[in-house]
Amino acid sequence: DARVTQTPRHKVTEMGQEVTMRCQPILGHNTVFWYRQTMMQGLELLAYFRNRAPLDDSGMPKDRFSAEMPDATLATLKIQPSEPRDSAVYFCASGWGDQPQHFGDGTRLSIL
Amino acid sequence: QKEVEQNSGPLSVPEGAIASLNCTYSDRGSQSFFWYRQYSGKSPELIMSIYSNGDKEDGRFTAQLNKASQYVSLLIRDSQPSDSATYLCAVNAWKSQGNLIFGKGTKLSVKP
């Protein structure tokens, strides 16, 4: 089965460090989403791309977060500098058109 | 009003019973509706899609959609302990440019 691949699966780092999360969408999918999930807020959309172009990043703290899609097989989410409140599970999902999204296994991020 | 609302639960049902999960949405232009299941520590997994009014059955799962009432539900027949998870309702709202709006999820517990 085709899958969305996310790396790393787990990341523990100290406050102030840069964090980079990577996502390989399912081949042929033209839309890529980044979500953050916490117990308090549930699943929050941070940003998404269609055909590699950013469509919406209004859910993302602009001062420290950035999302890019350098090619069709790679999406990245960076946090610099990281803060303890960024601790969460970050999911990447991909889809095509109006078809449902398929999620990766997530990156569990802990900022100390 | 939140865009997609679900009771957070927990909803507890005995093994073999029918579990009924409900979801309401605010955007009348919504076109597509999905149910995702998320086990603790795992990523959301698509289990049902529904696009038109009425019922859609897949094994023990039935999704029901009523666009006039802006209501979508998921019935799980013959509930099993393995169905214990959080169920996320997701709506592809017309104004959202194709991305999904997620509810916060209903936690289901099936007791043996």
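Letters go in sequence order (proteins before strands), and every chain restarts at 1.
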If you round to the nearest 0.5 Å, how far is [atom2] of [Y] from [atom1] of [X]?
| X | Y | atom1 | atom2 | result |
| --- | --- | --- | --- | --- |
| B:Thr86 | A:Gln37 | OG1 | CD | 8.5 Å |
| A:Leu45 | B:Ile101 | CG | CD1 | 7.5 Å |
| B:Lys104 | A:Glu44 | NZ | CD | 7.0 Å |

Per-residue contact mode, B:Glu45 against chain A (heavy atom under 4.5 angstrom):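 Neither the backbone nor the side chain of B:Glu45 comes within 4.5 Å of chain A.
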query: For A:Tyr35, what residues pass the ring-ring contact (aromatic ring centres under 6.0 Å, His included) criterion, not counting sequence neighbours?
result: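 Residues passing ring-ring contact (aromatic ring centres under 6.0 Å, His included) with A:Tyr35: A:Phe103, B:Phe102.
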In one Ile/Leu/Val/Met/Phe/Trp/Tyr side-chain cluster, 4.5 Å: [X], [Y]:
| X | Y | result |
| --- | --- | --- |
| A:Trp34 | A:Trp96 | no |
| B:Val72 | B:Val4 | yes |
| A:Val4 | A:Leu43 | no |
| B:Leu88 | B:Phe34 | yes |
| A:Val89 | A:Phe33 | yes |

Report, as yes or no, whether the 6.0 Å neighbourhood of atom [atom1] on [X] holds more than 12 heavy atoms from other residues, nucleotides or ligands.
| X | atom1 | answer |
| --- | --- | --- |
| A:Leu112 | CG | yes |
| A:Leu74 | CG | yes |
| B:Arg77 | CZ | yes |

task: For chain A, find its close neighbours in residues 46-69 of chain B: heavy-atom separation under 4.5 Å, sorted by number, or none.
output: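 Within residues 46-69 of chain B, the residues that come under 4.5 Å of chain A (heavy atoms only) are B:Leu46, B:Ser49, B:Tyr51.
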With distance as the sole test, does [X] use its side chain to make a donor-acceptor pair with the main-chain N or O of [Y] at under 3.5 Å?
| X | Y | result |
| --- | --- | --- |
| B:Lys42 | A:Asp105 | no |
| B:Ser43 | A:Gly104 | yes |
| B:Tyr36 | A:Gln101 | yes |

